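Below is one structure, written out as structure tokens, with a few remarks after it.
Since we're looking at a predicted model, the values are computed, not measured.
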Amino acid sequence: MKTSASAVDTSAIGLSGLCVVHCLATPVVSAALPIAGTLAEAEWIHQLMVLTAVPITMFAVARHHASKVHLSFAAPALLGLALLSAAAFVEALRDLETTLTVSGALLLASAYLWRWANRDVSSA
């Protein structure tokens, strides 16, 4: 059971890291390779990344629900997911997309890192 939770945490941290790298590297890559920039700016890529993060996070939150430290993980994880979702799906927030995406990804990754670091406490 710990292995499964660890795999979920590792996957989520990796996806969050990929989100941050994608968001911060896009301007540099766009300047160097304009065709890559066009692909990187495609909305469906952002939406696909969020739609990948949703089931992983919901599974982790539901699974972590039984522990005493549930809120310490669930609150930042769900807030991070909400920020990522807003950046990807709310057209009115396009000017804040990078800020929301980076903030959401870092918050989500931090929640998973916290959960991973406290896995022995939460399994008690």
Side-chain angles (χ1 to χ4, degrees):
M1 194 150 70
K2 285 183 185 181
T3 304
S4 176
S6 181
V8 169
D9 292 343
T10 302
S11 298
I13 292 165
L15 283 171
S16 294
L18 182 61
C19 244
V20 171
V21 168
H22 169 80
C23 215
L24 297 177
T26 296
V28 175
V29 173
S30 296
L33 302 165
I35 193 134
T38 302
L39 180 60
E41 289 296 323
E43 289 306 313
W44 67 268
I45 291 177
H46 300 136
Q47 293 169 346
L48 180 64
M49 290 177 89
V50 171
L51 292 174
T52 302
V54 168
I56 293 171
T57 301
M58 297 314 285
F59 172 75
V61 168
R63 183 179 176 130
H64 198 71
H65 180 67
S67 91
K68 297 175 190 173
V69 292
H70 170 66
L71 195 56
S72 298
F73 165 70
L78 293 175
L79 180 57
L81 193 60
L83 291 173
L84 288 170
S85 298
F89 293 103
V90 180
E91 186 66 36
L93 298 174
R94 287 293 172 233
D95 291 341
L96 299 171
E97 184 176 3
T98 300
T99 302
L100 291 173
T101 300
V102 171
S103 299
L106 290 175
L107 196 54
L108 191 55
S110 296
Y112 279 103
L113 282 169
W114 181 89
R115 184 175 99 135
W116 180 78
N118 291 287
R119 65 189 176 277
D120 293 330
V121 174
S122 63
S123 63

In V102, L100, T101, the residue satisfying side-chain contact (heavy atoms from CB on, under 4.5 Å) with T98 is V102

Roughly how far, to the nearest 0.5 Å, is the [atom2] atom of [Y] from the [atom1] atom of [X]?
X: Q47; Y: S85; atom1: CD; atom2: OG; result: 10.0 Å
X: L106; Y: L83; atom1: CG; atom2: CG; result: 10.5 Å
X: L51; Y: M49; atom1: CG; atom2: CE; result: 11.5 Å
X: L78; Y: F73; atom1: CG; atom2: CZ; result: 8.0 Å
X: S110; Y: L79; atom1: OG; atom2: CG; result: 11.0 Å

Quick one, M58 and L81 - any side-chain contact, counting heavy atoms below 4.5 Å?
yes

Do E43 and E91 come close enough that some side-chain heavy atom pair is under 4.5 Å?
no

For [X] and [Y], work out which heavy atoms get closest and say how close.
X: F89; Y: V50; value: CE1-CG1, 3.9 Å
X: A105; Y: L84; value: N-CD2, 3.8 Å
X: L71; Y: P76; value: O-CD, 3.9 Å
X: L107; Y: G80; value: CD2-N, 3.7 Å

Determine yes or no for a side-chain-to-main-chain donor-acceptor pair under 3.5 angstrom, with R94 supplying the side chain and A87 the backbone.
yes

